[in-house]
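Beneath this line is the structure, given in structure tokens, with notes to follow.
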Amino acid sequence: AEIYYALGKYRKAMKSCQLAIIFQSYGKDPKHINYVDIYENLALIYLEYGQEKEARSYCWKARSIHFSVTKREFDPVVNSIILGLIECKSENYYSALEYFGRAWESIFNQNLSHQLKNILYNYIGYAYFKLNQVDLAMKFYVKSLLLYKDNNCCNTHPDISKIYRNIGLYYEQIEKNYSFALSYYQRALELVPNRTHPHYIQYQDIISALQFKIQHEPYSFKKVCSLL
């Protein structure tokens with residue numbers, strides 16, 4: 001399911017999760033810890049389909065199981081990040097920052113070397129960007145990129161495409177520097193795993209929309225280029 005999700009094959013990912021639930025149900029408690037990963041994967045899939053209600057429901061199922069078998073001292077990292085993403089999708093950016101903050105505290109207080117730590121800074125930056133705190137957003141984007149660089153995967157990891165896309169949004173919407181924005185969108189496109197991935201199609205649409213804007217705003221584009 002996780003591999004299919006990474007490849008953007010969400011229907012196959014969902015079927016794999018459903019099979020996992022069936023196999024897991026044989027002789028296991030319905031609140032077994034193994035269900036946590038399955039429910040969180042389903043939450044991510046439903047979120048990609050824009051079904052926030054279903055995503056939230058699976059996230060809370062996973063959260064309930066997690067706290068029933070572990071100490072409540074720290075929030076589950078993955079779960080808190082997903083809930084933050086759901087709040088972003090619902091445009092509740094302050095709530096998103098609260099969940100992202102819980103995830104960060106869990107990583108920091110437990111001294112975890114968590115793989116989601118790198119992209120978490122990007123998610124925090126995006127929430128600040130939507131709250132018009134754009135300078136702070138850029139600091140988090142840069143921090144996220146530096147963390148990937150420290151892990152020797154700065155130019156290859158697919159998650160970096162999300163960071164490049166967000167930096168592109170900054171240059172397009174805030175700086176009105178369309179050439180810079182295009183370059184970051186194109187970098188984002190190059191890092192998507194395959195051409196059938198929904199994000200690849202999404203980034204293509206963003207690039208096409210910006211190119212259309214450039215063609216129909218020649219004066220503003222020339223003005224930007226003259227400042228480079």
Side-chain angles (χ1 to χ4, degrees), residues 1-18 20-21 24 31-110 112-131 140-141 144 147-148 157-163 165-166 193 197-199 202:
E2 291 177 358
I3 292 171
Y4 279 133
Y5 177 82
L7 293 172
K9 300 181 183 297
Y10 301 136
R11 290 184 180 179
K12 290 185 177 181
M14 184 172 289
K15 287 182 179 179
S16 295
C17 285
Q18 292 166 345
I21 290 174
Q24 185 66 35
K31 289 189 176 182
H32 193 278
I33 192 65
N34 287 358
Y35 280 96
V36 170
D37 287 342
I38 302 172
Y39 289 153
E40 287 175 346
N41 284 332
L42 281 168
L44 285 170
I45 295 165
Y46 276 111
L47 186 59
E48 289 290 347
Y49 282 125
Q51 299 180 34
E52 291 96 334
K53 182 178 178 181
E54 289 79 2
R56 198 186 308 274
S57 174
Y58 277 108
C59 229
W60 280 104
K61 283 183 179 181
R63 197 175 188 85
S64 175
I65 295 171
H66 174 87
F67 283 130
S68 71
V69 297
T70 62
K71 295 180 179 179
R72 285 182 170 268
E73 186 176 0
F74 299 108
D75 272 34
V77 176
V78 175
N79 194 279
S80 295
I81 291 175
I82 297 172
L83 283 170
L85 293 174
I86 294 170
E87 295 299 335
C88 277
K89 196 80 170 182
S90 302
E91 299 184 356
N92 301 320
Y93 300 112
Y94 285 111
S95 295
L97 284 173
E98 182 180 346
Y99 282 118
F100 293 150
R102 291 182 187 181
W104 189 89
E105 287 177 2
S106 294
I107 293 171
F108 179 79
N109 290 329
Q110 298 178 85
L112 300 177
S113 179
H114 204 286
Q115 60 181 354
L116 286 176
K117 180 180 178 181
N118 300 357
I119 198 64
L120 175 58
Y121 282 97
N122 174 64
Y123 295 148
I124 294 171
Y126 180 76
Y128 277 121
F129 181 82
K130 299 302 287 187
L131 291 169
F140 277 101
Y141 296 156
S144 190
L147 284 173
Y148 279 105
H157 199 289
D159 279 350
I160 300 174
S161 65
K162 301 173 186 177
I163 309 172
R165 194 241 10 202
N166 288 343
H197 196 294
H199 291 179
Q202 179 189 24

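Computed from heavy atoms alone, side chains included, the values below leave out hydrogens, waters and symmetry copies.
A 4.5 Å side-chain heavy-atom check between Leu42 and Ile21 finds at least one atom pair inside the cut-off. In this structure the side chain of Phe67 reaches within 4.5 angstrom of the side chain of Pro76, judged on heavy atoms. Inter-residue side-chain proximity for Tyr126 and Lys162 is flagged as unmet; no heavy-atom pair is nearer than 4.5 Å. You'll find the side chain of Tyr121 reaches within 4.5 Å of the side chain of Trp104, heavy atoms only. Looking at heavy atoms from C-beta onward, Ile119 lies in side-chain contact with Ile163 at the 4.5 angstrom threshold. Side chains of Tyr4 and Arg11 form no contact here, defined as non-hydrogen atoms less than 4.5 Å apart.
Ring geometry for His157 against Tyr148 counts as tilted: the plane angle lies between 30° and 60°, on a 0 to 90° scale. Relative ring orientation between Tyr10 and Tyr5 is described as tilted, the plane-to-plane angle lying within the 30° to 60° band. Taking the six-membered ring for Trp and thresholds of 30 and 60 degrees, His199 and His197 have ring planes inclined between 30 and 60 degrees apart. Ring geometry for Tyr58 against Tyr39 counts as tilted: the plane angle lies between 30° and 60°, on a 0 to 90° scale.
Side-chain N or O atoms of Ser16 include one that pairs as donor or acceptor with a backbone N or O of Lys12 at under 3.5 Å. Judged by distance alone, with hydrogens and angles left aside, the side-chain atoms of Gln110 form a donor-acceptor pair with the main-chain N or O of Ser106 at under 3.5 Å. In this structure, the side chain of Ser144 engages the main chain of Asn118 through a donor-acceptor pair within 3.5 Å. At least one donor-acceptor pair under 3.5 Å links the side chain of Asn79 to the backbone N or O of Cys59.
Qualifying side-chain contact (heavy atoms from CB on, under 4.5 Å) partners for Glu2, counting only residues two or more places apart in sequence or in other chains: Asn41.
Residue Leu83 is tested with Glu98, Arg102, Arg63 for a side chain to side chain contact (heavy atoms under 4.5 Å, CB included); the sole match is Arg63.
In this structure, OH in Tyr93 is found 6.5 Å from SG in Cys88, a value given to the nearest 0.5 Å.
A donor-acceptor pair shorter than 3.5 Å cannot be found between the side chains of Lys61 and Tyr35. Counted by atom type alone, Asn122 and Asn166 present one or more donor-acceptor pairs between their side chains at under 3.5 Å.
Looking at Arg56 and Glu87, a side-chain N of the basic residue comes within less than 4.0 Å of a carboxylate O on the acidic one, giving a salt bridge.
The shortest non-hydrogen separation linking Leu147 to Lys117 is CD1-O, 4.0 Å.
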